[in-house]
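Start at 1 with the first residue, then count along the sequence. For the numbers below, each heavy atom of this structure counts, side chains included, while hydrogens, waters and symmetry mates do not.
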Amino acid sequence: MRGNLREQKAYHMEGADEERPLIHHLPPQEQCSQYTCDGTVDIDRKPALKHSTGNWRACFFILGAEFTQCLCFSAVVKNLVRYLTSVLPESNVNAARSVSTWIGTCFFTPLIGAFLADTFWGRYRTIVICLSVYSIGMLILTTSASLPFLLHDSYNNGDDIRRVVAYLGLYLIALGAGGIKPCMWALGADQFDGADPVERVTKGSFFNYYYFSNNMGTLLSTTVLVWVQDNIGWGIGFATPMLLMGFGLSMFVAGRRVYRYRKLGRSPLTRVSQVVVAAARNHMLKLPDDISLLHELPSLTEGGYRIQHTTRFRFLDKAAIPSDSDDNSPVQPDPWRLCTVSQVEELKMLLRVFPVWASLLVFFVVTAQMSSTLIEQSAAMDGRVGPFTVPPASLATFNVVAVLIWVPVYDAVLVPLARRATGNDRGLSHLQRIGVGLALSAVAMAYSAQVERRRRRPAAEEEAMSIMWQAPCYLVLGMAEVFTSIGMLEFFYERSPGSMKSLGTSLAHLAVATANYLNSGVLGVVVAATTRGGGAGWIPDNLDEGHLDYFFWMMALVSVLNLLQFLHCSIRDRGQ
């Protein structure tokens, strides 16, 4: 069956950054003023009414649930390296590697959660199930912190049992995070009609304030809960966010009647696999010069859109070359031998984001230092600030404050100014925004290297450097996150096919996961390489005997090289 793609009411999901497939929405125009035009439905599976579903009225519940989830996650991750070294206990390097591996798992499981959401459960049900698993994990982790009070002192294996219980709770949290992280912001973005120009612009503000609420939870964790953990007890420090997590689950479920839902389609992984297999089977066929000869259905794809053909990755177009038997057959062609142009373009859309995805790995290796080496550095500094003693993990407050300040400043000040200069409705394009954050991350690592060099100098004189010297590093990394992390959220959501939004946005989490696994591996390699010959190495348990500053300089250099590579890819992409 052959079809001819005609442009009808197309709009650009993204502008000048790169050649972009046009997704053509073809809604009944007379219904667009009353119902959404992007195929979303209400809880009763009826077309969603604009005046009673979605928009900010639904996002209130979503942002509230995200706030409590992030508060809970930050209460664990921000001080986890201290918990592992002081309670279990583990060495500095082992604790840093364990934290990086666990964080990596928290951001790898979203691939599984996104697949389940896009294929079987839908985003709402996936979030509810995973919030429940998350709460159970928090309960078990809280129990691990209370075991010293439950076990007799004479019980020889108490530490081993506590370690097993703690890691069981941690990895149940990671499993629960798998469904929350890719689906929460995707469900929030679904509350804005992509075919409505006004709601489409509002969606950009949602991503900013999604990150804002995320960091409000982090702020409360790094100021209040971290202090509770260090000064009152780990049991109470974990039990408090556990109870708040239950409240967040109840709040999220309470908004179910005002949410807009997307209909489930076929498995996105199956659709992608069919294109690869069909292209391989048809590799001997010659591509036609006329793209109208490629296979496309005469009716719309499920979800109400078509994707315009593009010229990149031409080999995959062979999956849409029909044979004479396909043209003459009255039955549906084998999807593992013949795919539609729209299905091929879905895979192309995913492939086109991978150069950006690869550039994000170094950025998230840098931000991973806030949960590992930077905390170990601050533990070796003087935490006294006036009459107060600042816990090492509380320095992350400056990172959060920077985000909370820069998100509204960016949205209210920088975007209008940049819009006048660039003519882009968003102010800065996704790639420009990501690039600024990459540059700032290199600056942060260079500054940390200088701080460590100065910290080691007075160490020989038995003087401790103030912990507040770390604050500028956290502030710069907070600014970097506003540019890169939020730009990344928008980038992966906008560039993903309509039927694969959860899977597409999970690529952002996969970047964080891969970066944390990479950080764990880098730490292991650095220790192995620098302790060869019996030396203390760069990152010993006593940092005064090492050279953590060399590690930070290495990360700064890698960040600069990564930025240059990103700029090269961006310029080349714009020219195509």
Side-chain angles (χ1 to χ4, degrees), residues 61-84 86-88 98-99 102-103 105-107 109-110 127-150 162 165-181 184 210-254 370-371 375 390-397 399-401 403-404:
F61 297 97
I62 295 172
L63 293 176
E66 175 59 22
F67 167 80
T68 58
Q69 183 274 144
C70 186
L71 183 148
C72 188
F73 183 76
S74 297
V76 177
V77 72
K78 293 300 181 182
N79 217 16
L80 182 57
V81 71
R82 293 273 293 169
Y83 182 68
L84 297 181
S86 63
V87 177
L88 290 186
S98 296
V99 170
W102 177 73
I103 295 175
T105 304
C106 288
F107 286 92
T109 52
I127 293 172
V128 171
I129 293 173
C130 290
L131 281 173
S132 302
V133 173
Y134 202 118
S135 300
I136 294 172
M138 280 301 303
L139 175 62
I140 294 175
L141 181 62
T142 304
T143 302
S144 77
S146 305
L147 279 177
F149 302 100
L150 302 178
R162 193 187 329 171
V165 173
Y167 277 102
L168 175 61
L170 286 172
Y171 280 91
L172 278 177
I173 291 172
L175 184 63
I180 300 170
K181 292 185 180 298
M184 192 73 82
Y210 173 91
Y211 208 72
F212 183 88
S213 65
N214 189 299
N215 279 272
M216 282 295 293
T218 303
L219 177 64
L220 185 58
S221 293
T222 53
T223 52
V224 178
L225 294 180
V226 166
W227 184 89
V228 170
Q229 291 166 356
D230 283 352
N231 294 277
I232 297 179
W234 291 98
I236 297 177
F238 288 147
T240 303
M242 177 192 70
L243 296 175
L244 291 173
M245 190 70 174
F247 174 76
L249 172 60
S250 302
M251 182 179 186
F252 180 76
V253 173
M370 289 190 291
S371 301
I375 290 182
V390 179
S394 289
L395 262 292
T397 302
N399 172 266
V400 178
V401 168
V403 172
L404 295 179

What's the separation between atom NZ in Lys181 and atom SG in Cys106, rounded to the nearest 0.5 Å?
6.5 Å

Nearest-0.5 Å distance, CD1 of residue Ile136 to CD1 of residue Ile173
11.5 Å

Please report the C-alpha distance between Met251 and Thr68 in whole Å, then the side-chain angles of each, then the deciding distance to 0.1 Å, and finally whether the side-chain contact (heavy atoms from CB on, under 4.5 Å) criterion is met.
CA-CA 10 Å; Met251 182 179 186; Thr68 58; 5.9 Å; no

Mind checking side-chain contact (heavy atoms from CB on, under 4.5 Å) for Pro391 and listing every partner two or more places apart, or none if nothing turns up?
Val226, Asp230, Ser394

Applying side-chain contact (heavy atoms from CB on, under 4.5 Å) to Val133 and not counting sequence neighbours gives Leu172, Leu175

Pairing residues for Leu243 by the side-chain contact (heavy atoms from CB on, under 4.5 Å) criterion, not counting sequence neighbours:
none

Checking Phe73 now: which residues fulfil ring pair (Phe, Tyr, Trp, His ring centres under 6.0 Å) with it, not counting sequence neighbours?
Trp102

Determine, stepwise, if the pair Asn214 / Phe67 fulfils side-chain contact (heavy atoms from CB on, under 4.5 Å).
CA-CA 5 Å; Asn214 189 299; Phe67 167 80; over 6 Å; no

Out of curiosity, Ile127 CD1 to Met184 CE, how far, rounded to the nearest 0.5 Å?
4.5 Å

Specify the closest pair of heavy atoms between Met245 and Ser135, including all atoms of both residues, with the distance to one decimal.
CG-OG, 3.5 Å

Rounded to the nearest 0.5 Å, what's the gap from CG on Leu63 to CE on Met216? Could you check?
12.0 Å

So, using side chain to side chain donor-acceptor pair (under 3.5 Å) as the criterion, who are the partners of Thr240 when residues are at least two apart?
none

Show your reasoning for whether side-chain contact (heavy atoms from CB on, under 4.5 Å) applies to Leu225 and Lys78.
CA-CA 10 Å; Leu225 294 180; Lys78 293 300 181 182; over 6 Å; no

Applying side-chain contact (heavy atoms from CB on, under 4.5 Å) to Met242 and Leu141, what does each step give before you reach the verdict?
CA-CA 9 Å; Met242 177 192 70; Leu141 181 62; over 6 Å; no

Got Ser132 and Leu249 here, is their nearest side-chain heavy-atom distance under 4.5 Å?
yes

Is there a donor-acceptor pair closer than 3.5 Å between any side-chain N or O of Arg162 and the backbone N or O of Val87?
yes

In terms of heavy-atom contacts, Val77 and Ser371 come closest through CG2-OG, 4.0 Å

Would you compute the distance between atom CE of Met370 and atom OG1 of Thr222 and round it to the nearest 0.5 angstrom?
11.0 Å

I need the minimum non-hydrogen distance between Ala75 and Gln229, along with the two atoms involved.
O-NE2, 2.8 Å

Who passes side-chain contact (heavy atoms from CB on, under 4.5 Å) against Tyr167, sequence neighbours left out?
Leu84, Leu88, Glu90, Ser98, Arg163, Leu170, Tyr171

Distance-only, no hydrogens or angles: does the Ser221 side chain make a donor-acceptor pair with backbone N or O of Leu71 under 3.5 Å?
yes

List the residues meeting side chain to side chain donor-acceptor pair (under 3.5 Å) with Gln69, not counting sequence neighbours, and say none if there are none.
Glu66

What residues, two or more places apart in sequence or in another chain, satisfy side chain to side chain donor-acceptor pair (under 3.5 Å) together with Ser74?
Thr218

How close do Ala145 and Phe238 get, heavy atom to heavy atom, and via which atoms?
CB-CD1, 3.9 Å

Ring pair (Phe, Tyr, Trp, His ring centres under 6.0 Å) against Trp227, all qualifying residues, sequence neighbours excluded
none

All side chain to side chain donor-acceptor pair (under 3.5 Å) counterparts of Thr105, not counting sequence neighbours:
Tyr517

Please enumerate all residues that pass ring pair (Phe, Tyr, Trp, His ring centres under 6.0 Å) together with Tyr134, with sequence neighbours excluded.
none

Measuring from Ser213:OG to Ile62:CD1, what's the distance to the nearest 0.5 Å?
10.5 Å

